[in-house]
Amino acid sequence: CESSGWDGDACSMDINSLHVTASGSVLYNSGSPIAGFQFNVEGATVSGASGGAAEEAGFMISSSETTVLGFSLAGTTFDGCGTMIELELDGEASGLSDFIISDSGGEAIDFTYFDGSGGGGDPNVVEINYNSDTPIAGFQFSITGATITEASGGAAEAAGFMISSSAETVVAFSLTG
């Protein structure tokens, strides 16, 4: 699953993402404290799960052939980045799916699967991706939790858009239509 573009370090993965290595390490990078998790393992059979930040936080850990579950009865959490848990696998995992990550209030934290492409670059640069069937003549969005120092590049710059940013907002539009 890992590509040559990623250095294999959990801290260089996208924020709020999970990744499983060929050896069964489930890596995480979280912007919020994790109080519980559940996910399915694709491409391999799980024969055991232990260790990592989950075990260090005193989580109860359970696994079936396809699903891994962890939570704390004492209300402990873990956050940051590193190894969430180590899986014993029959076969080589190809990914994780159907994951549920929750905070101490039981609210879901949106996580994605990091496939190993990208990452490992400048940790101060964020790429904004989009998918639209409609031509885009301009856009505006705000960022929370970080300060914008510059906005440039991508399809907006390639299309000749005027791009402007403040500490929290990016605005881009075409002067030529």
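Of the possible donor and acceptor atoms, none in the side chain of Thr83 sits under 3.5 Å from a partner among the backbone N and O of Gly52. Without hydrogens or angle criteria, Tyr28 side chain to Asp79 main chain gives a donor-acceptor distance under 3.5 Å. Not one N or O on the side chain of Ser25 forms a donor-acceptor pair closer than 3.5 Å with the backbone of Leu27. The closest donor-acceptor contact from the side chain of Ser164 to the backbone of Val171 lies at 3.5 Å or more, if one exists at all.
Closest of all the heavy-atom pairs between Glu55 and Ser50 is OE1-CB, 3.5 Å. Contact between Leu89 and Gly24 at its shortest, heavy atoms only, is CD1-CA, 3.7 Å. Closest heavy-atom contact between Tyr113 and Leu18: CD1-O, 3.3 Å. Across all non-hydrogen atoms, the minimal contact from Gly75 to Ser72 is N-OG, 3.1 Å. The nearest pair of heavy atoms linking Pro33 to Thr77 is CB-OG1, 3.6 Å. For the pair Ser152 and Glu157, the tightest heavy-atom approach, listed with the atom from each and the gap, is CB-OE1, 3.6 Å.
To the nearest 0.5 Å, the span separating CD on Glu42 from CG on Asp98 amounts to 7.0 Å. Interatomic distance, CG of Asn40 versus CD of Glu65, reported as 12.5 Å (0.5 Å rounding). The line from CZ of Phe161 to CD1 of Ile136 is 7.0 Å long, rounded to the nearest 0.5 Å. Between Ile109 atom CD1 and Ile101 atom CD1 the span is 7.5 Å, to the nearest 0.5 Å. Here the straight-line distance linking atom CZ of Phe71 with atom OG of Ser104 works out to 15.5 Å at 0.5 Å rounding. In this structure, the separation between OG on Ser12 and CG on Asp7 is 3.5 Å, given to the nearest 0.5 Å.
Residues Met13 and Trp6 meet the side-chain proximity criterion, which asks for heavy atoms closer than 4.5 Å. Residues Phe111 and Phe39 form no side-chain contact, since every pair of their non-hydrogen atoms from C-beta on lies 4.5 Å or further apart. Under the 4.5 Å side-chain criterion, counting only non-hydrogen atoms from C-beta, Thr66 is not in contact with Thr45.
Note on Leu175: it does not cluster hydrophobically with Phe139, by side-chain heavy-atom contacts below 4.5 Å among ILVMFWY residues. Both Ile163 and Ile143 belong to a single network of hydrophobic side chains, linked directly or stepwise wherever heavy atoms of I, L, V, M, F, W or Y lie under 4.5 Å apart.
The aromatic rings of Phe114 and His19 lie perpendicular to each other, with more than 60° between the two planes, well past the 30° mark.
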Practice task
Give the C-alpha distance, both sets of side-chain angles, the deciding distance and a yes or no for side-chain contact (heavy atoms from CB on, under 4.5 Å) between Leu87 and Val26.
Solution key: CA-CA 7 Å; Leu87 305 178; Val26 176; 3.6 Å; yes
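If you run side chain to side chain contact (heavy atoms under 4.5 Å, CB included) between Val68 and each of Val20, Leu96, Ile85, only Ile85 comes through.
In this structure, Phe59 has its ring center under 6.0 Å from that of Phe78.
Defined by atom type and a distance below 3.5 Å, a donor-acceptor pair is present between the side-chain atoms of Ser142 and Thr169. Counting only N and O atoms by type, the side chains of Ser30 and Ser32 include no donor and acceptor under 3.5 Å apart.
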